Engineer: 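Sharing a structure with you now.
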Amino acid sequence: MTADLISGTEIRKTILEELKKEVADMKAQHGTVPGLVTILVGENPASQSYVRLKIKTAEELGFKEIQDNQADTISEADLLTLIDKYNNDPEIHGILVQLPLPDHIDDKKVLNAIDPDKDVDGFHPVNVGRLMIGGSEVKFLPCTPAGIQEMIIRSGTETSGAEVVVVGRSNIVGKPIAVMMAQKGEGANATTTIVHTRTKDLEGHCKRADILIVAAGVPGLVKPEWIKPGATVIDVGVNRVGTSEKTGKAILKGDVDFDKAKEIAGKITPVPGGVGPMTIAMLMKNTVQSAKFAIEAK
Ligand code: NAD
């Protein structure tokens, strides 16, 4: 058996097309477009490239996009004042502060200063609390877990009553996706188990998963024989395992042995081209959602 491929690249394309239309409709009906500000402190090349990608996507969708670059000498107080300025700007619906920040600035203090109603990354404690409560309380889901759930829904995977096993308990992936899958609602209503480094029988838990979500950051951690035949496997792991001699680019592998796992699973995400491309799409979706909330609140 060869599993169906769940392509994040393809799903992202569809989501971005849907969002582009929503933005055009919003502009036509309400004379407003989603506004996103990306705050980049310093000149970290990896951060610059993430920010560039976010800006490019936002511009393609027709957002108002502000790139606010600051020198790495900016004080914490001045950065907090800058965030406050955007918190109070009615044309801005999403505020992104690219991490890491310089050592003299407290990340937590800065992220917590973002208005939770403009926290399109979904990491503010208020949004984490809203996610726990679920239902209509939820404003912004964190982007990677939201992308995972979207892939599960759009691939037609049945979640109601399904056994979902999540490998990893981080705040950005493992914990939120486990909570989301257990909530009432579409693409959820599952029975979820979180497994981690202290779990006694990792293999046993993985083997009974109808949906296996792996976010450990350990290449090849999940062995093909741990996969229940026909299961849906979502591999979140992105691990650099070397450099291609041909292209000079990093060779990326997931946490699952893809080539063998695809012979056992029913559906599977590749790495690269799986969960990775979904994260920015969900960030854009959250920003459109935020603009809609602002219109409704007028
Ligand atoms: P993390 O290091 O914060 O958490 C990893 C979790 O996996 C921990 O909770 C740990 O307990 C668990 N774990 C590690 N080794 C294990 C083992 N041997 N057995 C059982 N559990 C184990 O990582 P994270 O931020 O959640 O990211 C996980 C992976 O997902 C990384 O490879 C990361 O690059 C990738 N990731 C991808 C995206 C994306 O594609 N957009 C986004 C976020 C993270």
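Bear in mind the structure is a predicted one, so any value in this text is a computation, not a measurement. Note that ligands are numbered from 1 as they come in the structure, with each ligand's atoms numbered from 1 the same way.
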Engineer: Report the part of Leu221 (side chain from C-beta onward, or backbone N, CA, C, O) that has a heavy atom under 4.0 Å from ligand 1; answer both or neither where that applies.
Structural biologist: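 For Leu221, only side-chain atoms sit under 4.0 Å from ligand 1.
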Engineer: Under a 4.0 angstrom heavy-atom cut-off, which atoms of ligand 1 come close to Gly168?
Structural biologist: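 In order of number, 6 (C), 7 (O), 9 (O), 12 (C).
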Engineer: Tell me, which protein residue and heavy-atom name are nearest atom 37 (C) of ligand 1, and how many Å apart are they?
Structural biologist: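 Its nearest protein heavy-atom neighbour is Val236 O, 3.3 Å.
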Engineer: Mark up the atoms of ligand 1 that fall under 4.0 Å of a heavy atom belonging to Val218, in ascending order.
Structural biologist: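 Those qualifying, in numeric order: 15 (N).
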Engineer: Look at atom 25 (O) of ligand 1 and say which protein heavy atom is nearest, naming residue and atom and giving the distance to 0.1 Å.
Structural biologist: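 Going atom by atom, the protein heavy atom closest to atom 25 (O) of ligand 1 ends up being Ile172 CD1, 3.5 Å.
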Engineer: Side-chain donor-acceptor pair under 3.5 Å between Tyr86 and Asp68, yes or no?
Structural biologist: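 Yes.
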Engineer: Do Leu36 and His93 come within less than 4.5 Å of each other through their side chains, counting heavy atoms only?
Structural biologist: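 They are not in contact (no side-chain heavy atoms under 4.5 Å apart), so the answer is no.
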Engineer: Hydrogens and angles aside, do Asn112 and Lys108 bring a side-chain donor and acceptor to less than 3.5 Å of each other?
Structural biologist: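 Looking only at side-chain atoms, Lys108 and Asn112 do not form any donor-acceptor pair under 3.5 Å.
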Engineer: Are any non-hydrogen side-chain atoms of Glu163 and Ile211 less than 4.5 angstrom apart?
Structural biologist: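 A side-chain contact under 4.5 Å is absent here.
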Engineer: Do Ser290 and Thr287 pair up side chain to side chain, a donor and an acceptor below 3.5 Å, judged on atom types alone?
Structural biologist: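 Judged by distance alone, the side chains do not pair up.
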Engineer: Look up atom 21 (N) of ligand 1 and tell me if a protein heavy atom lies less than 4.0 Å from it?
Structural biologist: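 Protein heavy atom within 4.0 Å of atom 21 (N) of ligand 1: present.
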Engineer: Tell me the contacting part of Thr199 for ligand 1: side chain, backbone, both, or neither, using a 4.0 Å heavy-atom threshold, strictly below.
Structural biologist: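 Neither part.
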Engineer: Could you tell me, atom by atom, which parts of ligand 1 come under 4.0 Å of a heavy atom of Thr279?
Structural biologist: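 This gives 39 (C), 41 (N) as the contact atoms.
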Engineer: Return yes or no for this condition: an N or O of Arg169 is under 3.5 Å from an N or O of ligand 1.
Structural biologist: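 Between Arg169 and ligand 1 (N or O atoms, distance only) the closest approach is under 3.5 Å.
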Engineer: Nearest to atom 2 (O) of ligand 1 by heavy atom, Pro219, Ala215, Pro176, Ala216: which?
Structural biologist: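 When every heavy atom of Pro219, Ala215, Pro176, Ala216 is considered, Ala216 comes closest to atom 2 (O) of ligand 1.
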Engineer: Are Ser7 and Arg12 linked by a side-chain donor-acceptor pair shorter than 3.5 Å?
Structural biologist: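 The criterion, which ignores hydrogens and geometry beyond distance, is not satisfied for Arg12 and Ser7.
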Engineer: Name the one of Glu65, Gln67, Lys54 that satisfies side chain to side chain donor-acceptor pair (under 3.5 Å) with Thr38?
Structural biologist: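 Exactly one option meets the side chain to side chain donor-acceptor pair (under 3.5 Å) with Thr38, and it is Glu65.
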Engineer: Is there side-chain contact between Val222 and Ile227, with heavy atoms separated by less than 4.5 Å?
Structural biologist: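 Val222 vs Ile227: side chains touch.
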Engineer: Among protein heavy atoms, which sits nearest to atom 44 (C) of ligand 1, and what does the distance come to when rounded to 0.1 Å?
Structural biologist: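 Checking every protein heavy atom, the shortest distance to atom 44 (C) of ligand 1 gives Val173 CG2, 3.9 Å.
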Engineer: Under 4.0 Å from a heavy atom of Leu202: which atoms of ligand 1 are those, numbered in the order shown and with their elements?
Structural biologist: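 Per the distance check, 19 (N), 20 (C).
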